[in-house]
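Here is the structure we will look at.
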Amino acid sequence: MPTAARLEAFIAAVEGGAHAQVIEDFYAEDATMRENQAEPRRGRSTLVSQESAVLARTESVVSTCVRPVLVNGDHIAIHWIFEFAFKGGGRMRMEEIAWQRWDGERIAEEQFFYDPAQRKPG
């Protein structure tokens with residue numbers, strides 16, 4: 001279970017826009033990440049690579065944690081809003097719930113729940 005300070009540092013880092021670095025700093029080496037019911041991606045290096053690829057297509061990402069954050073032992077639910085501005089134009093707003101299982105001070109598993117229709121840039 002993360003300390004309250006560690007969880008707040010995680011949220012601040014995401015809101016600060018250091019998305020790929022957040023994975024390096026807060027996820028376990030063998031962490032998994034899953035979109036809705038898709039197969040999970042495995043391993044921190046894979047997660048960083050995927051996040052870096054997404055970020056390479058963007059001009060900016062504004063990330064907002066919608067409070068309260070729900071904590072029950074090792075399980076945490078965070079409501080996020082992400083606003084993407086893509087290189088070459090286009091914008092996208094994603095609203096999702098991240099369901100996390102922490103192992104000590106690192107995220108071991110994360111699953112995102114969102115409406116896939118949001119993934120169409122406007």
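Note: the hydrophobic cluster containing Trp99 does not contain Val71 (ILVMFWY, side chain heavy atoms under 4.5 Å, direct or indirect links). Using a 4.5 Å cut-off between side-chain heavy atoms of Ile, Leu, Val, Met, Phe, Trp and Tyr, with links allowed through other members, Ile81 and Met94 fall into different hydrophobic clusters. A single hydrophobic cluster is not seen to contain both Val69 and Met1; linkage of ILVMFWY side chains at heavy-atom distances under 4.5 Å, directly or through other members, places them apart.
The aromatic rings of Phe82 and Phe84 sit tilted relative to each other, their planes meeting at an angle between 30° and 60°.
In the displayed structure, Asn72 atom CG is contacted under 6.0 Å by at most 12 heavy atoms of other residues, nucleotides or ligands.
A donor-acceptor pair is defined here as one N or O able to donate and one able to accept, closer than 3.5 Å; such a pair exists between the side chain of Asn36 and the backbone of Tyr114. Asp30 contributes no side-chain N or O that, together with a main-chain N or O of Gly43, makes up a donor-acceptor pair within less than 3.5 Å.
Side-chain contact check for Arg101 versus Gln111: every heavy-atom pair is 4.5 Å or farther apart. Contact check for Met33 versus Tyr27: side-chain heavy atoms found under the 4.5 Å cut-off.
Residues passing the side-chain hydrogen bond (donor to acceptor under 3.5 Å, both in side chains) test with Arg42, sequence neighbours excluded: none.
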Exercise. Apply side-chain contact (heavy atoms from CB on, under 4.5 Å) to the pair Gln118 and Met92, showing each step before the final yes or no.
Key: CA-CA 7 Å; Gln118 298 178 96; Met92 181 176 70; 5.6 Å; no
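In this structure, Glu51 CD and Glu24 CD are separated by 11.5 Å, a value rounded to the nearest 0.5 Å. Atoms OG and CD, from Ser45 and Gln50 in turn, are 12.0 Å apart once rounded to the nearest 0.5 Å. To the nearest 0.5 angstrom, Gln100 atom CD is 4.0 Å from Ile107 atom CD1. Rounded to the nearest 0.5 Å, atoms NE2 (His79) and CG (Leu70) are 11.0 Å apart. Expressed to the nearest 0.5 Å, how far CD of Glu29 lies from CZ of Arg44 amounts to 5.5 Å. Taking CD of Glu110 as the reference point, atom CZ of Arg41 lies at 9.0 Å (rounded to 0.5 Å).
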Distance-only donor-acceptor hits, side chain of residues 5-20, under 3.5 Å, sequence neighbours excluded:
unit_1: Arg6; atom_1: NE; unit_2: Glu105; atom_2: O; d: 2.8
unit_1: Arg6; atom_1: NH2; unit_2: Asp25; atom_2: O; d: 2.7
unit_1: Arg6; atom_1: NH2; unit_2: Glu105; atom_2: O; d: 3.1
unit_1: Glu8; atom_1: OE1; unit_2: Arg67; atom_2: NH2; d: 2.8
unit_1: Glu8; atom_1: OE2; unit_2: Arg67; atom_2: NH1; d: 3.1
unit_1: Glu15; atom_1: OE2; unit_2: Cys65; atom_2: N; d: 2.8
unit_1: His19; atom_1: ND1; unit_2: Gly17; atom_2: O; d: 3.3
unit_1: His19; atom_1: NE2; unit_2: Ser63; atom_2: OG; d: 2.7

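Scanning both residues, Val54 and Thr58, for their nearest heavy atoms gives O-CG2, 3.5 Å. Closest approach of Arg91 to Ala85, counting heavy atoms only: NH1-CB, 3.4 Å.
Taking 4.0 Å as the cut-off between side-chain N and carboxylate O, Arg34 and Glu109 do not count as a salt-bridged pair.
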